[in-house]
Amino acid sequence: MISKRHLKLALKLIKNKRINGDFIRYVRNRIRSFCLNPHKQVVLPFPTGIMLELGNRCNLHCTICPREYKYGKQMDIGFMSLQNAYQVIDELYPYLDSIGLTGLGETLLYPQLLEVVQYIKRKNKSIIITISTNANFEGCVEKIKPLLPYLDNVQFSVDGTNNVYEKIRPNTHFKDVADNIRQIVTIGQKETIFMINTVITRENYLNVPNIIDFADQLGIQYINFNRINLASIPELPREEYTQFFHSTEYTNTLQKLFELQKTHPGLTFSEETKGGNGSFQECTFAWHHQYITWDGYMVPCCAKPFPKEIHFGNVFTDGGVMNVLNGKKYLAWRRLWQENKTPDFCKTCNNICL
């Protein structure tokens, strides 16, 4: 079922559509997308939504972030060049409904972010632009202020309040991020949607009611909760977490979440906490919302965006997005999905089994 947030964004997309040559191309591609039968074909039309990782640098060292563990420590760090960002946008803009400019880093650190969002809107005003930010560095408010007229959806990463937040994000002060978020929401455009995204772990699950109160106090209407994805952090004890997420203790926490929804009618919660049944076909990332890393690699998904582990090709050296999307490696990956054969790369992912 479509959420209120997605409905609001969809209406905004429709409102900004213009009847021209690009619109005809968009409609034709949308029809192809609608008619796609993933059980019978593996070649895809142009994507309608992508994640474009402009950079993977970050100012924090969070205890629950994959950057601090094996895969993250092995990955290359950098920013996408402005020319390369424009190349991806130029290839896809007529067909896109949405683009997420967020990856495994702090989006607002990208030095040419304003140029990118302006370029996207010049190309296609209807494209919904989303960024995610920890909102916790000096100059954060000044950096995002000129961006807000171009941003449709801003996600604040808040995994706790007060001492819980500071334990997960060492050497930080919750008061600083709270002040920054308050200022950003105050100066935000009326049509900009603000939401809080919270990764639930053993360290913060009891803090969920405090996060809800925090959002309510700031006038943030949407909160998304999702379990920490163990696929990206192999060092964490999987069995321990599996037992925890199936425990009565955790189930009771979810029940409190639903009860709080009744007492906070101005808030809308979404909770991506249900694990799959072990089927690769529980995952949709083989078909939708493809992820491009800052250095051009197309990887399976945002949960484990590490090209040194697996990638399907490089959009900057292998002929563009569509050449990679429908290249031999990606086609073989989607055939595994059709055969419901879970790759080893995905076997510990929450979307498939937990």
Same cluster (ILVMFWY, side-chain, under 4.5 Å), [X] and [Y]:
X    : Y    : result
V43  : Y95  : yes
M298 : F316 : yes
L336 : V299 : no
L113 : I50  : yes
L230 : I168 : yes

Using atom types as modelled and distance alone, determine if a side-chain donor or acceptor of [X] lies under 3.5 Å from a backbone N or O of [Y].
X    : Y    : value
N59  : N136 : yes
N124 : Y93  : yes
K167 : N162 : no
Q87  : Q83  : no
E166 : H173 : no
S98  : I128 : no
D152 : I129 : yes
W337 : C283 : yes
E91  : V321 : yes
N350 : I228 : yes

Rounded to the nearest 0.5 Å, how far apart are [atom1] of [X] and [atom2] of [Y]?
X    : Y    : atom1 : atom2 : answer
I223 : I212 : CD1   : CD1   : 5.0 Å
I220 : T268 : CD1   : OG1   : 13.0 Å
L44  : M322 : CG    : CE    : 7.0 Å
I292 : N314 : CD1   : CG    : 9.5 Å
L104 : C58  : CG    : SG    : 8.5 Å
L147 : I184 : CG    : CD1   : 10.0 Å

Provide the closest heavy-atom pair for [X] versus [Y] in the form atom of the first, atom of the second, distance.
X    : Y    : answer
I131 : I144 : CD1-CD1, 4.2 Å
V42  : R334 : O-NE, 2.7 Å
I181 : L218 : CG2-CD2, 3.3 Å
S132 : E106 : O-OE2, 4.3 Å
A303 : N229 : CB-ND2, 3.5 Å
Y291 : G103 : OH-CA, 3.1 Å

Listed by chain and number, what are the side-chain hydrogen bond (donor to acceptor under 3.5 Å, both in side chains) partners of S81, not counting sequence neighbours? N84

Partners passing side-chain hydrogen bond (donor to acceptor under 3.5 Å, both in side chains) against T161 (at least two apart in sequence or in another chain): N207

Side chains of [X] and [Y]: is there a donor and an acceptor less than 3.5 Å apart?
X    : Y    : answer
T107 : T102 : yes
Y26  : D97  : yes
S279 : N340 : yes
Y205 : E249 : yes
D318 : N323 : no

Please step through side chain to side chain contact (heavy atoms under 4.5 Å, CB included) for the pair F245 and L254, ending with a clear verdict. CA-CA 10 Å; F245 284 128; L254 287 185; over 6 Å; no

Quick check on Q74: does its CD atom have over 12 non-hydrogen neighbours (other residues, nucleotides or ligands) under 6.0 Å away? yes

More than 12 heavy atoms of other groups within 6.0 Å of E339 CD: yes

Is there a side-chain contact between [X] and [Y] in this structure, where contact means two heavy atoms from C-beta onward sitting under 4.5 Å apart?
X    : Y    : value
T63  : E68  : no
E203 : D159 : no
S232 : F306 : yes
M75  : R67  : yes
V164 : L206 : no
T130 : L101 : no
L52  : M80  : yes
P234 : T348 : no

For the residue pair [X] and [Y], does the interplanar ring angle fall in the parallel (under 30°), tilted (30 to 60°) or perpendicular (over 60°) class?
X    : Y    : result
F312 : Y330 : parallel
Y110 : F79  : perpendicular
F194 : F156 : parallel
F280 : W333 : perpendicular

Test log, rule side chain to side chain contact (heavy atoms under 4.5 Å, CB included), inputs Q255 and T251: CA-CA 6 Å; Q255 185 59 41; T251 303; 5.8 Å; no

Between Y119 and D90, is the side-chain hydrogen bond (donor to acceptor under 3.5 Å, both in side chains) condition met? List the steps. CA-CA 10 Å; Y119 190 77; D90 287 343; 2.5 Å; yes

Any chance you could lay out the side-chain hydrogen bond (donor to acceptor under 3.5 Å, both in side chains) test for Y222 and N153, step after step, and finish with the verdict? CA-CA 11 Å; Y222 304 96; N153 193 35; over 6 Å; no

Decide, yes or no, whether a salt bridge links D22 with K123 under the criterion of side-chain N to carboxylate O below 4.0 Å. no

Apply side chain to side chain contact (heavy atoms under 4.5 Å, CB included) to the pair D344 and K347, showing each step before the final yes or no. CA-CA 5 Å; D344 289 341; K347 285 183 177 178; 3.0 Å; yes

R227 vs Y250, side chain to side chain contact (heavy atoms under 4.5 Å, CB included): CA-CA, chis, key distance, verdict: CA-CA 11 Å; R227 298 174 180 179; Y250 180 70; 3.8 Å; yes

